[in-house]
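Since the model is a prediction, treat every value here as computed from it, not as a measurement. Note that these values count all heavy atoms, side chains included, but never hydrogens, waters or copies made by symmetry.
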Amino acid sequence: MPGEPQSRAIAAHLPRYVAVAVGLAVTLWLLKELRSVLQPVVLALLIWFLLGAVARLIARKARGPDAVPGGGAYLASGVFFFATTAAVVMLLSDSVAGLRENLPTYRANLAAMLQPLAEAVGLTKLPQLSELTAGVDLATIALGLLGSAAGSFGQIVIIACIVFFIFAEARFFEAKLSAIIGDGSEHRDVTDLLSEIGRKIETYLGLKCFIGIVQAVPTYLILALVGVDSPIVWAVCIFFLSFIPTLGTLIGIALPTLLALVQFDSPVNFFVTLACLAPVQLLASNWLEPRITGSSLNLSPLAVFITIFAGGAVWGIVGAIISVPALTVAAIALAQSPRTRPIAVALSQDGRLMD
């Protein structure tokens, strides 16, 4: 019958499909169970790649386009990164405390706005904001949006130690690789492959951080000029949300705009905040980023959505934020090998692989 060859082909590959599905389920279960251990390691790896990109930039600016970064460049990039992170965390601590102190004002303003609507629909008792948000800790939510690295100084120290040991181990990677596979052509192929993957990952993370800064700095200035409370909190949130395509941009517009709505008695500040923030965020994510990178991420929207959902289900807001960078890294790595290239093509939006 006409369908029999196709049925046999599907049956022949069925065990492989089942194995992949089981392997994926086991991997997600392990990621969730080992969350407290793996989160700092994954964040440290991303920071390690980012510091490598910054160190190369410092070396090129100091000694020319072909300069190889030395220990001084890596040390400078590491000190700058962790000093900046510690300073931001201290600023966030004060800003989040200020938000909590102003909650009664937000509740009163929201109640005043909702009262005419309640009367129009015949409600005799307007629900209080405290009832609607029972059990919600604003400080926990705000800090959660910043990732576990910004959650506490202790976490920063742990991640910094992991990054240090990764740098220490990286010096011996070449010798270990030679001991495992020898010094022949296979060694050169593997070394070239890993170097290419590392270069593309560093480039991607560097560009995403640049886009995040481009979105965060104007956001801070706009919110500070309008008078929205705790602009540093929303600027840092938007920096991390910039790693989530489309959805992160929309959330980055919505959060500070809604705060402006409940903070001020007049809706003028709400519309001013929305009118200023929306163009900045949308232009940076939908116009500037594609032109800097040469193209969009070219990831399948379905793959991105599933990855964000899975990352959020497994690791919470941190997982949602790092899921798309992780998917991009995976697509880059898979595209380097002929055996795994079909998977990278499946993850792409139109079949083209990222350069």
Side-chain angles (χ1 to χ4, degrees), residues 46 50 80-81 83-103 105-106 109 138-147 149-151 204-264 266-293 296-297 308 317-318 320-322 324-325:
L46 292 176
L50 181 60
F80 173 78
F81 178 85
T84 302
T85 302
V88 169
V89 168
M90 288 188 288
L91 289 173
L92 290 176
S93 178
D94 295 336
S95 296
V96 171
L99 285 174
R100 297 186 68 180
E101 292 176 0
N102 292 330
L103 274 177
T105 302
Y106 306 151
N109 290 340
L138 181 61
T140 301
I141 293 175
L143 288 177
L145 288 172
L146 306 176
Y204 165 74
L205 291 176
L207 289 173
K208 289 300 294 182
C209 286
F210 174 75
I211 295 298
I213 293 172
V214 168
Q215 291 180 284
V217 172
T219 295
Y220 175 83
L221 295 176
I222 292 169
L223 297 180
L225 289 174
V226 175
V228 178
D229 289 340
S230 304
I232 185 65
V233 171
W234 309 116
V236 175
C237 285
I238 284 171
F239 173 83
F240 286 102
L241 288 169
S242 68
F243 284 83
I244 304 177
T246 307
L247 181 61
T249 299
L250 296 177
I251 295 174
I253 296 171
L255 289 178
T257 303
L258 290 176
L259 178 63
L261 181 64
V262 299
Q263 177 183 339
F264 301 101
S266 170
V268 173
N269 297 82
F270 164 77
F271 289 111
V272 170
T273 303
L274 178 61
C276 293
L277 277 188
V280 170
Q281 305 302 323
L282 294 175
L283 284 174
S285 61
N286 297 329
W287 182 82
L288 179 61
E289 181 175 352
R291 278 155 181 77
I292 291 178
T293 60
S296 64
L297 290 180
I308 293 175
I317 189 65
V318 175
I321 290 175
I322 69 174
V324 176

Polar side-chain atom of Gln215 near backbone of Thr249 as donor-acceptor pair, under 3.5 Å: no
Minimum heavy-atom distance Pro231-Ala224, with the two atoms named: CB-N, 4.1 Å
Over all atoms of both residues, closest heavy-atom pair of Ile211 and Ala284: CG2-O, 4.1 Å
Side-chain (Trp234) to main-chain (Asp229) donor-acceptor, under 3.5 angstrom: yes
Spacing of Cys276 atom SG and Ile253 atom CD1 [to the nearest 0.5 Å]: 12.0 Å
Shortest non-hydrogen contact from Phe239 toward Gly212: CD1-C, 3.4 Å
Inter-residue atom distance Leu277.CG - Leu282.CG, 0.5 Å rounding: 10.0 Å
Identified side-chain contact (heavy atoms from CB on, under 4.5 Å) counterpart of Phe270 within the set Leu261, Leu259, Val228: Leu261
Residue pairs involving residues 269-279 (criterion side-chain hydrogen bond (donor to acceptor under 3.5 Å, both in side chains); sequence neighbours excluded): none
Atom pair CD1 (Ile238) and CG (Leu223), whose distance is rounded to the nearest 0.5 Å: 6.5 Å
Separation of Leu46 CG from Lys208 NZ (nearest 0.5 Å): 13.0 Å
More than 12 heavy atoms from other groups under 6.0 Å of CZ on Phe264: yes
